[in-house]
Amino acid sequence: MRTPTRRTLLGAALAAAGTGLLTACSSGSPGSSDSMKGMDHAGMNHGPTSGTAGTPGTTGTPGTLGTPGYLAPNGPEVAAAEAARKPGPERKVALTATETTLDLGGRTVRSWAYGDRLPGQEVRATLGDTIAVTLANHLPQPTSLHWHGLALRNDMDGVPGLTQADVRPGASFEYRFALSHPGTYWFHPHSGVQQDRGLYAPLIVEDPREPLAYDKEWVVVLDDWVDGVDGSTPDAVLAELARGMGGMDHSGGSGNGGHEGHDMPGTSGTGSAPSGASPSRMLMGARSPLLGGDAGDVAYPFHLVNGRLATAPETFTAKPGDRIRIRLVNAGGDTAYRVALGGHELTVTHTDGFPVEPATTQALLLGMGERYDVLVTAGDGVFPLTALAEGKNATALAVLRTGGGAAPDAAVRPAELDGRLVTAGQLKAAPGVRLPARTPDRTVRLELTGGMAKADWAFNGRRYDPAQRHPVAAGERVRLEFRNSTAMWHPVHLHGHSFALPGDGPRKDTAIVLPGTTLAVDFDADNPGLWMVHCHNVYHAETGMMTVLGYRA
Ligand code: C2O
Ligand code: CU
């Protein structure tokens with residue numbers, strides 16, 4: 001059942017997504033504009049040094065990708081898998097990544113965003129659609145777009161140096177792929193720590209046979225914010241985290257390829273604050289029992305809901321008794337959020353796009369990259385939707401208003417935050433999306449290693465090397481075994497697939513692994529290509545906690 005309210009909402013969003021054709025800006029050779037000054041040094045090498053990257057310096061035509069012995073991201077198997085999705089009507093979207101000024105609500109910051117809004121304009125499409133997103137890069141750095149959580153064709157996955165070439169400054173790239181699962185997703189660059197700027201937006205894939213009944217829908221995107229505050233940038237934060245802890249080698253040396261080199265501290269050409277120019281953002285001793293110890297590495301000055309400070313929150317209006325579907329997305333860089341809606345219970349219906357057996361809870365914990373959909377029945381009054389930066393003693397706020405009354409205080413902490421909290425591991429997949437029982441054909445063991453002291457985050461003690469492959473074969477049931485030997489929690493993320501948590505657990509693409517624990521997740525190798533596995537703490541990923549699963553040729 002769909003109410004007029006919801007239809008109106010969807011119609012408007014679809015109309016918006018279908019318009020706004022791009023004024024493409026694909027002319028202009030990189031290096032010719034003023035903003036490119038200083039970028040042409042060794043750290044900006046885009047060349048494929050490991051035989052994994054596409055044709056350097058071009059966009060739109062990735063050329064031959066891949067590694068001998070492995071399926072190529074743009075090979076015939078990938079095209080066949082895409083054809084099997086039966087790509088439907090095309091939905092065009094134009095995105096411009098640009099430097100801009102963002103108003104967080106009484107405080108403006110210079111940052112990078114999609115257009116001039118934060119989060120970027122939501123992309124909404126329908127299951128079966130083909131989306132055709134033209135990304136125009138008006139940034140002073142190469143960029144990319146990754147479609148977090150989607151099982152899409154590999155050459156559209158947006159990982160420079162692995163599945164495509166960088167989208168260089170002044171160039172554009174069309175991401176074109178079929179949507180094969182409904183649900184709550186999001187997108188962000190896969191280039192350095194750009195995701196920790198304002199470069200993120202929700203992607204909602206509607207189910208034409210939506211089984212849930214609700215009156216309204218509220219997309220709620222959480223984010224930790226540092227960019228443009230007192231001279232800070234994510235690049236400077238990355239540099240500080242690395243520098244402050246023993247001095248890594250950032251020369252972008254052997255095995256790093258052009259992909260990582262340009263992102264590493266000290267080599268960025270975008271005017272990251274030099275050493276000492278901005279306040280320290282390093283966080284020591286943030287503790288959270290829920291996260292099993294150390295909560296995070298970065299002290300963010302702000303925490304935002306839908307791009308707004310708690311002192312100027314977004315207000316969502318509804319009628320008492322309305323059923324509201326809230327789609328929660330954690331787009332943060334280094335912050336888990338504990339979320340509650342004052343005066344309400346939450347009925348969890350989905351996580352990471354996939355349905356679960358409905359479960360009620362008072363609070364939820366979202367690691368970076370995770371999503372939860374919940375249903376609430378609105379009470380009568382004004383209610384805080386609070387996101388507690390777990391272990392960091394700070395909150396973000398949005399407001400649900402169905403009646404009169406004063407707005408909640410910016411720092412309000414509804415009692416539900418300390419109430420019952422259902423974790424992903426306690427949920428069950430909805431019967432229709434349960435992974436059928438099967439003995440794994442292969443187990444890929446990934447030990448999470450390293451620490452803040454040396455900023456040597458890695459899998460199996462080995463810093464990210466884009467040329468490394470953990471082999472899998474099409475048709476296999478694969479078990480990924482994450483053993484966390486570090487003193488910190490990590491939200492681990494697999495591209496291109498959704499895995500199942502143990503014991504008929506939910507289908508997810510991102511899962512929290514607590515320190516000292518092992519999490520084994522299973523997936524079917526049904527989407528050929530080269531796929532990243534990484535920690536979704538963007539600073540852990542950039543310092544090395546990433547690797548690649550490769551389908552064997
Ligand atoms: Cu949102 Cu590779 O991740
Ligand atoms: Cu991590």
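Both ligands and their constituent atoms are indexed starting at 1 by order of listing. The basis for the numbers below is simple: all heavy atoms, side chains too, and nothing from hydrogens, waters or symmetry mates.
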What residues, two or more places apart in sequence or in another chain, satisfy ring-ring contact (aromatic ring centres under 6.0 Å, His included) together with Trp186?
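With sequence neighbours excluded, Trp186 shows a ring-ring contact (aromatic ring centres under 6.0 Å, His included) to His148, His188, His536, given in chain and number order.
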Can any side-chain N or O of Ser288 pair as donor or acceptor with the backbone N or O of Leu290 at less than 3.5 Å?
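Between the backbone of Leu290 and the side chain of Ser288 there is a qualifying donor-acceptor contact (under 3.5 Å).
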Asn460 CG: over 12 foreign heavy atoms closer than 6.0 Å
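Yes, the 6.0 Å shell around CG holds more than 12 heavy atoms from other groups.
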Flag for [Y]-[X]: side-chain donor and acceptor within less than 3.5 Å:
X      : Y      : result
Asn527 : His497 : no
Thr184 : His350 : no
Gln164 : Tyr175 : yes

For atom 1 (Cu) of ligand 1, every protein N/O/S atom that sits closer than 2.8 Å, waters excluded
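Under 2.8 Å from atom 1 (Cu) of ligand 1 - ignoring waters, which are not counted - the protein N, O or S atoms are His148 ND1, His188 NE2, His536 NE2.
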Opening angle between NE2 in His495 and NE2 in His534, taken at atom 2 (Cu) of ligand 1, to 10 degrees
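So the angle at the metal works out to 110°.
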Would you mind telling me which of Asn537, Asn330, Asp224 makes a side-chain hydrogen bond (donor to acceptor under 3.5 Å, both in side chains) with Thr335?
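Exactly one candidate clears the test, Asp224.
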Under the rule for salt bridge (charged side-chain N to carboxylate O under 4.0 Å, His left out), what residues qualify as partners of Arg445, not counting sequence neighbours?
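Arg445 satisfies salt bridge (charged side-chain N to carboxylate O under 4.0 Å, His left out) with Glu481 only.
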Could you name all protein N, O or S atoms found under 2.8 Å from the Cu ion (ligand 2)?
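Less than 2.8 Å away from the Cu ion (ligand 2) sit His490 ND1, Cys535 SG, His540 ND1.
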Please determine whether side-chain hydrogen bond (donor to acceptor under 3.5 Å, both in side chains) holds for the pair His490 and His534, giving the CA-CA distance in whole Å, both sets of side-chain angles, and the decisive distance to 0.1 Å.
CA-CA 9 Å; His490 304 275; His534 64 90; over 6 Å; no
Would the Trp457 and His540 ring centres measure less than 6.0 Å apart?
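Here the rings of His540 and Trp457 have centres that are less than 6.0 Å from each other.
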